[in-house]
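One structure below.
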Amino acid sequence: MDTLAIKSTLDISKIRKQFPVLNQQVNGKPLVYLDNAATNQKPQRVIDALTTYYEKDNANIHRGIHTLAERATKAYETTRHSMQAFIGAKHVEEIIFTRGVTESINLVASSYGRAFLKAGDEIIISGMEHHSNIVPWQLICEEKGALLKVIPVNDIGEIDFVAFQKLLSDKTKIVAVNHASNSLGTINPIKEIIASAHKSGAVVLIDGAQASAHLTFNVQELDCDFYCISSHKMYGPTGTGILYGKKELLEKMPPYMGGGEMIKEVTFAKTTYNDLPHKFEAGTPNIADVIALNEAIAFINELGKENIAAHEAELLAYTVEKLSTMPDITLIGTAKHKVSVQSFIIEGVHHFDIGQMLDARGIAVRTGHHCTQPLMDQFGIEGTVRASYSVYNTKAEVDQLAEGLERIIKFLK
Ligand code: C6P
């Protein structure tokens, strides 16, 4: 979908009022929050859901028969249903609550990997993966004697699809790639990746950390086997997330952690495991945050993902227009299809210095390798400055970023 073809009709100033954190001064200047790929801000309704839960409903779930326990359980399970609808899963028990994308990937690498990988098998990832989608696979490869293969990425930050197809073989058991890159913003052709991987008999895991709040998708249409989401990157609380998995796969996979709630019956001789999704949700979960996530889903649904994407695409296009006229700035990540993330460097100036000087002007950006060190190595850099947007950002904030950068360049050069 060409998001620039759609004009956003959202009333951004009205939306901004729902985010109390935006209404503050940082270092004497109004906050300009452009670090949304790290975590985005929370609307009042999400904050209210958290406090309401603790003020009125706090109880452990799936265990008690008293009123509070029933209320908490119902609210927790409501989020599971909302998430099922949000991503288009066929069955509600395909939604497993985790701590976030990192835990979701570790769960699959550990559980699926331990059960189904053997020496000589291959796992394919791409050259633009976050460390969370590299290290869990390295761990299981080491344990099982499997091999990790990497799809090359070109100079503008797109994967080499032909090279990917050449890597596929009957040895390929898992393909794990991101839907959108956190450092470059590239949207990967995951539908095509999934179809090709399936032809080789591999299962596919999609790291959706940078997509869930920005891109419209449906896991059944994509036909991915696993899809991973972090709540805090989609206006929800930290410390919770989702693993979507196809029911038939999750049913075959052994538990990831043992403990309360994931069992049917325990004796010292033998334990039988609970049905999905509980088999993968050992112990008391992050009840309050899961419940508040429901409000984040409703917030996105009410605005409409396509409207959000259209507004963010305008911000990205405006950023590229502004920054590309500044001769000292080199943009990193200029793929054709992108989410609203723009990395850049300024020749001869360390990215940390730029970040600090922008912070002095109230502008929050991320600097560093963004947990994608192999990708930075490929570009021959240590890190970048990264501006990333959410629905509440404005063109005036992009102007402030550009103006701040102009002054920094004048001061330092
Ligand atoms: N990226 C960023 O600033 P967790 O921490 O589990 O919620 O998400 C990990 C993760 C996995 N994959 C991708 C593509 C990501 O972007 C992230 C988190 C943040 O870019 C923090 S490093």
Side-chain angles (χ1 to χ4, degrees), residues 33-42 83 96-110 125-139 150-151 153 157 159 175-188 190 193 204-215 217 224 226-244 256 286 289-290 292-293 296 312 332-333 335 337-344 351-352 355 359 364-376 382-390:
Y33 186 80
L34 306 182
D35 193 16
N36 294 283
T39 193
N40 63 9
Q41 300 299 347
K42 320 305 169 202
M83 186 51 79
I96 312 291
F97 289 117
T98 63
R99 283 189 298 138
V101 167
T102 302
E103 190 176 49
S104 299
I105 298 172
N106 275 279
L107 191 164
V108 176
S110 183
I125 60 172
S126 88
M128 65 173 96
E129 296 310 313
H130 186 280
H131 296 165
S132 294
N133 202 23
I134 302 174
V135 185
W137 304 116
Q138 287 175 325
L139 289 169
V150 183
I151 312 167
V153 172
I159 65 155
V175 174
V177 291
N178 62 48
H179 197 162
S181 152
N182 66 319
S183 313
L184 305 174
T186 312
I187 301 171
N188 283 312
I190 57 166
I193 291 174
V204 184
L205 175 143
I206 302 296
D207 168 353
Q210 298 297 339
S212 57
H214 309 282
L215 300 175
F217 64 94
C224 55
F226 302 102
Y227 196 100
C228 308
I229 290 175
S230 282
S231 150
H232 72 97
K233 293 193 199 287
M234 50 176 287
Y235 309 100
T238 53
T240 192
I242 279 90
L243 169 67
Y244 157 80
Y256 171 54
N286 193 348
D289 294 311
V290 167
L293 170 60
E312 292 172 348
I332 306 288
H337 300 291
K338 286 185 48 166
V339 289
S340 51
V341 167
Q342 190 58 60
S343 268
F344 59 90
H351 44 271
F352 288 156
D359 183 55
V365 290
R366 184 160 173 201
T367 57
H369 54 61
H370 316 298
C371 301
T372 54
Q373 275 183 332
L375 183 69
M376 296 295 125
E382 249 183 66
T384 71
V385 181
R386 183 188 71 183
S388 53
Y389 302 104
S390 271

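FYI, side chains are in, hydrogens and waters are out, and symmetry mates aren't considered; it's all heavy atoms of this structure. Read the numbers this way: they start at 1 and go in the same order the structure lists the ligands and their atoms.
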Handout entry: NE2 on His369 to CZ on Arg386, rounded to 0.5 Å
Key = 11.5 Å
Exercise for the section: Enter the distance from Ser212:OG to Asp207:CG here, rounded to the nearest 0.5 Å. Expected result: 9.5 Å
Exercise for the section: Indicate the ring-plane relationship of Tyr227 and Phe217, choosing parallel, tilted or perpendicular according to the 30° and 60° boundaries. Expected result: parallel
Completion exercise
The answer, listing residues by chain and number that come under 4.0 Å of ligand 1 through any heavy atom, is Ala37, Ala38, Val101, Thr102, His130, Ser132, Asn182, Asp207, Ala209, Gln210, Ser230, His232, Lys233, Arg366, Cys371, Arg386
Problem - Set of residues satisfying side-chain contact (heavy atoms from CB on, under 4.5 Å) with respect to Ser181, sequence neighbours excluded - result: Met128, Asn178, Ser183, Leu184, Thr186
Handout entry: Results of side-chain contact (heavy atoms from CB on, under 4.5 Å) for Ala292 - residues two or more places apart only
Key = Val46, Ala49, Leu50, Pro237
Fill in the blank from the handout: Arg99 meets the salt bridge (charged side-chain N to carboxylate O under 4.0 Å, His left out) criterion, sequence neighbours left out, with Glu103
